[in-house]
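One structure below.
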Amino acid sequence: MNSDKVKQGVDRAPHRSLLKALGLTDREIVKPFIGVVNSFNELVPGHMHLRQICEAVKAGIRENGGTPFEFPCIAVCDGLAMGHEGMHFSLASRELIADSVEVMAMAHQLDALVFIPSCDKVVPGMLMAALRLNLPAIFVSGGPMLAGRFEDRDVSLSTLFEGVGRVHAKLNDQEWLKELEASACPTCGSCSGLFTANSMNCLTEALGMALPGNGTIPAVYSQRLVLAKETGYQIVELFRQELKPRDIITDKAILNGMAFDMALGCSTNTILHLPAIAQEANLAWDINIVNEVSESTPQICKISPAGDQHLTDLHLAGGVSAVLNQLIQASLFDGSVMTVSGVTQAERLRNAKVSDPEVIRPLDQPYSTKGGLKILFGDLAPEGAVIKQGALADQNLVFEGTAKVFDNEDSAAIAIQSGQIVVGDVVVIRYEGPKGGPGMREMLGPTATLAGMGLDSSVALLTDGRFSGASRGLSIGHISPEAALGGEIAYVLTGDRIRIDLQQGRIDWILDEATKEKRRRDPQLSPNKKPFERKGYLARYARMVQSAARGAAFKTGDNQ
């Protein structure tokens with residue numbers, strides 16, 4: 001046991017004394033030390049109930065002969081951070097989370113880890129830590145929020161953001177918005193659509209790092225507490241079996257995760273997190289694989305914001321297990337990979353069934369024959385950009401429009417709200433990338449406002465930043481290279497023509513090469529002329545972060 005380094009032998013008498021100061025008995029000290037990483041705080045609705053989840057996990061650990069040690073990690077609520085400078089810190093928190101878990105686990109020589117995330121960047125940050133440390137590890141999230149109910153339909157946080165657009169467009173008034181505000185988020189848990197948090201919690205299950213049900217059992221169901229106890233029990237089994245994250249998350253598992261992502265129609269943010277996770281496991285990542293998997297994997301679910309169903313509907317229809325079993329049967333998912341259940345995916349999913357074929361469609365009757373995400377290339381994005389094509393009505397759309405260029409999200413939001421954006425425009429928001437932002441702000445405000453105004457299919461939005469999982473419409477993010485690194489997006493001007501061809505997978509800047517070259521030499525357009533002034537962590541983050549095409553992960557020793 002790793003923990004023997006702090007509790008065995010004559011020289012460790014001082015250490016044992018400190019453990020006894022915690023109230024531990026000699027019986028508890030000789031057992032394996034299981035770290036329980038709890039991301040509870042009182043700011044994030046998805047995390048407010050995690051104390052109860054954590055106590056259930058610890059009960060399961062004790063039942064199976066382990067000694068649990070709870071310690072915290074930070075968590076940012078993307079909804080609360082949205083639309084102001086706080087969003088610079090959301091993606092950036094992912095690296096802090098991974099680092100802080102590493103510090104705690106190594107400093108105290110823990111034997112295994114249970115991770116309790118819920119929202120957004122906490123899940124990938126913890127996955128990165130699990131792979132970096134490669135101690136036996138397992139995940140159990142806080143679970144999704146129930147959908148709200150308003151005007152005789154299910155609603156969620158994305159409904160509210162789009163409601164803001166309706167008010168700006170004078171389609172509804174502020175009194176209507178206030179009533180919606182009181183209804184959209186009715187319980188604790190990660191917001192009820194297939195936004196980034198729920199995408200990542202479902203994906204953790206698909207990667208084999210969580211027990212079945214982790215992604216979809218609602219936060220307020222007692223079944224979630226049962227799952228937490230079983231998770232605590234199982235981590236001790238994983239310790240005894242010496243089954244570790246790198247035994248589970250392999251090249252095959254990453255491909256499996258991508259296939260599941262496409263079938264479900266997950267958030268575009270997964271294309272940031274999967275490469276960062278792969279890097280921690282020393283696995284190769286090629287962004288082109290996204291399109292290869294998307295071409296062969298049909299989208300069989302349309303969860304909000306792509307459709308009207310929510311995570312509870314997915315849970316009642318059979319959950320992640322039912323989706324995965326269908327993919328296994330069609331040879332679109334490798335069932336031979338190992339899971340934290342101690343058996344392969346095929347073994348643990350063999351009895352999973354779809355109970356509602358409208359929520360989880362048969363593979364021969366999909367919502368779309370292609371997956372939910374697509375990577376676009378072209379002269380405006382030579383290293384790639386991403387679109388949630390599963391949230392579009394026409395996946396073969398060709399759109400050519402006139403650029404209206406903004407050097408930050410804030411100025412674009414003002415223009416949208418004040419009616420300056422019209423049908424046929426291409427809103428370009430730059431200097432919001434991993435380095436230029438820094439932190440690659442999520443832009444649910446602009447996309448949701450356009451959707452609320454009814455412009456989501458007639459106005460395009462391009463950015464070197466990123467979007468919330470709640471975004472929909474013709475929104476293209478992660479344009480790489482970003483403006484701050486001299487990407488072509490830095491030289492586009494208002495009035496230029498931009499062409500988006502989804503079938504060909506291209507974003508092109510319709511301008512002659514001589515004019516482009518003249519723009520590149522223009523000192524007024526040089527990225528060096530637009531320095532950001534950041535202090536503290538964001539300054540360090542900007543120095544260390546890589547391109548969105550590499551998951552906006554920190555440089556490692558080999559690529560610093």
Side-chain angles (χ1 to χ4, degrees), residues 34-39 49-50 52-66 68 112-118 122-123 126-127 130-131 135-144 189-190 197-241 243-245 247-249 253 256-257 260 264 311-312 314-325 327-328 333 335 337-353:
I34 312 296
V36 182
V37 193
N38 186 1
S39 56
H49 61 305
L50 295 189
Q52 190 176 20
I53 299 291
C54 188
E55 289 304 316
V57 166
K58 289 189 284 187
I61 292 170
R62 292 189 183 101
E63 183 184 358
N64 200 17
L113 294 164
V114 179
F115 291 94
I116 308 178
S118 197
V122 185
V123 191
M126 287 180 169
L127 279 166
L131 286 160
L135 297 169
I138 193 170
F139 282 66
V140 58
S141 75
S190 45
N198 290 325
S199 293
M200 288 306 303
N201 284 319
C202 289
L203 194 58
T204 302
E205 194 176 329
L207 289 171
M209 287 297 296
L211 297 178
N214 178 65
T216 60
I217 297 171
V220 294
Y221 282 18
S222 295
Q223 190 180 355
R224 175 67 51 181
L225 297 178
V226 173
L227 179 69
K229 289 179 182 177
E230 293 294 343
T231 299
Y233 190 94
Q234 186 61 20
I235 189 58
V236 184
E237 294 298 305
L238 295 175
F239 166 76
R240 290 171 180 151
Q241 296 169 24
L243 185 59
K244 300 175 181 178
D247 300 322
I248 295 169
I249 298 187
N256 277 349
F260 170 77
L264 205 62
L311 264 289
T312 305
L314 179 60
H315 176 64
L316 295 174
V320 171
S321 293
V323 174
L324 296 182
N325 200 23
L327 295 178
I328 289 173
F333 188 99
V337 297
M338 185 55 65
T339 72
V340 291
S341 298
V343 298
T344 65
Q345 287 279 20
E347 289 173 293
R348 82 171 185 175
L349 299 173
R350 63 180 180 271
N351 295 321
K353 294 181 176 62

Q) Hey, is the main chain of Ala206 close enough, under 3.5 Å, to the side chain of Gln345 for a donor-acceptor pair? A) yes

Q.
side chain to side chain contact (heavy atoms under 4.5 Å, CB included), that's the test. Do Asn198 and Leu314 meet it? Break it down for me.
A. CA-CA 11 Å; Asn198 290 325; Leu314 179 60; over 6 Å; no

Q. Rounded to the nearest 0.5 Å, how far apart are NE2 of His315 and OG of Ser321?
A. 10.5 Å

Q.
Between Val122 and Met200, is the side chain to side chain contact (heavy atoms under 4.5 Å, CB included) condition met? List the steps.
A. CA-CA 9 Å; Val122 185; Met200 288 306 303; over 6 Å; no

Q) Under the 3.5 angstrom rule, does the side chain of Asn214 hit a backbone N or O of Ser141 as a donor-acceptor pair? A) yes

Q.
Before you tell me yes or no, could you show the steps for Val57 and Ile235 under side chain to side chain contact (heavy atoms under 4.5 Å, CB included), namely the whole-Å CA-CA distance, both residues' side-chain angles and the distance that decides it to 0.1 Å?
A. CA-CA 10 Å; Val57 166; Ile235 189 58; over 6 Å; no

Q | Atom CD of Gln52 with >12 non-hydrogen neighbours under 6.0 angstrom | A | no

Q.
Whether the side chain of His49 engages the backbone of Val220 through a donor-acceptor N/O pair (distance < 3.5 Å, no angle test) should be reported.
A. no

**Q.** Sole candidate of Val123, Leu311, Leu207 that passes side chain to side chain contact (heavy atoms under 4.5 Å, CB included) when paired with Cys202
**A.** Leu311

Q | Heavy-atom donor-acceptor pair, Gln234 side chain to Ile138 backbone, under 3.5 Å | A | no

Q.
Donor-acceptor pair, distance only, cut-off 3.5 Å: does the side chain of Gln223 make one with the backbone of Ile217?
A. no

Q: For Ser39 and Ile116, indicate whether the former's side chain and the latter's backbone hold a donor-acceptor pair under 3.5 Å.
A: yes

(Q) Check this for me: Lys58, atom NZ, are more than 12 non-hydrogen atoms of other residues, nucleotides or ligands nearer than 6.0 Å? (A) yes

(Q) Restricting to non-hydrogen atoms, name the atom on Arg240 and the atom on Asn64 that form the minimum distance, rounded to 0.1 Å. (A) NH2-O, 2.7 Å

**Q.** Inter-residue atom distance Glu55.CD - Asn38.CG, 0.5 Å rounding
**A.** 9.0 Å

**Q.** Least distance between heavy atoms, Pro212 atom then Leu227 atom
**A.** O-CD1, 3.6 Å

Q: Measure across Gly319 and Thr216 and return the closest heavy-atom pair with its distance rounded to 0.1 Å.
A: CA-OG1, 4.0 Å

Q: Check whether any side-chain heavy atom of Asn325 lies under 4.5 Å from a side-chain heavy atom of Phe333, and answer yes or no.
A: no

Q | Straight-line distance of Met209 CE to Ser341 OG, nearest 0.5 Å | A | 11.5 Å

Q.
side chain to side chain contact (heavy atoms under 4.5 Å, CB included) for Ile248 and Val337? Distances and angles first, verdict last.
A. CA-CA 7 Å; Ile248 295 169; Val337 297; over 6 Å; no

Q: Verify, without hydrogens or angle tests, whether Glu205 (side chain) and Gly215 (backbone) share a donor-acceptor contact under 3.5 angstrom.
A: yes

Q.
I need the minimum non-hydrogen distance between Ile61 and Val236, along with the two atoms involved.
A. O-CG2, 3.9 Å

Q: Mind checking side-chain contact (heavy atoms from CB on, under 4.5 Å) for Glu347 and listing every partner two or more places apart, or none if nothing turns up?
A: Val343, Thr344, Arg350

Q. Looking at side-chain heavy atoms only, is the closest gap between Leu135 and Lys244 below 4.5 Å?
A. no

Q.
Using 30° and 60° as the class boundaries, would you call the ring planes of Phe115 and Phe139 parallel, tilted or perpendicular?
A. parallel

Q) Nearest heavy-atom pair of Ala137 and Ala130: which atoms, and what distance? A) CB-CB, 4.2 Å

(Q) Ignoring hydrogens, what is the shortest heavy-atom contact between Thr312 and Pro218? Give both atom names and the distance. (A) OG1-CG, 4.0 Å

(Q) Could you measure the distance from the CG atom of Asp247 to the CG atom of Leu238? Nearest 0.5 Å is fine. (A) 10.0 Å

Q | Leu349 side chain near Ile328 side chain, heavy-atom distance below 4.5 Å | A | yes

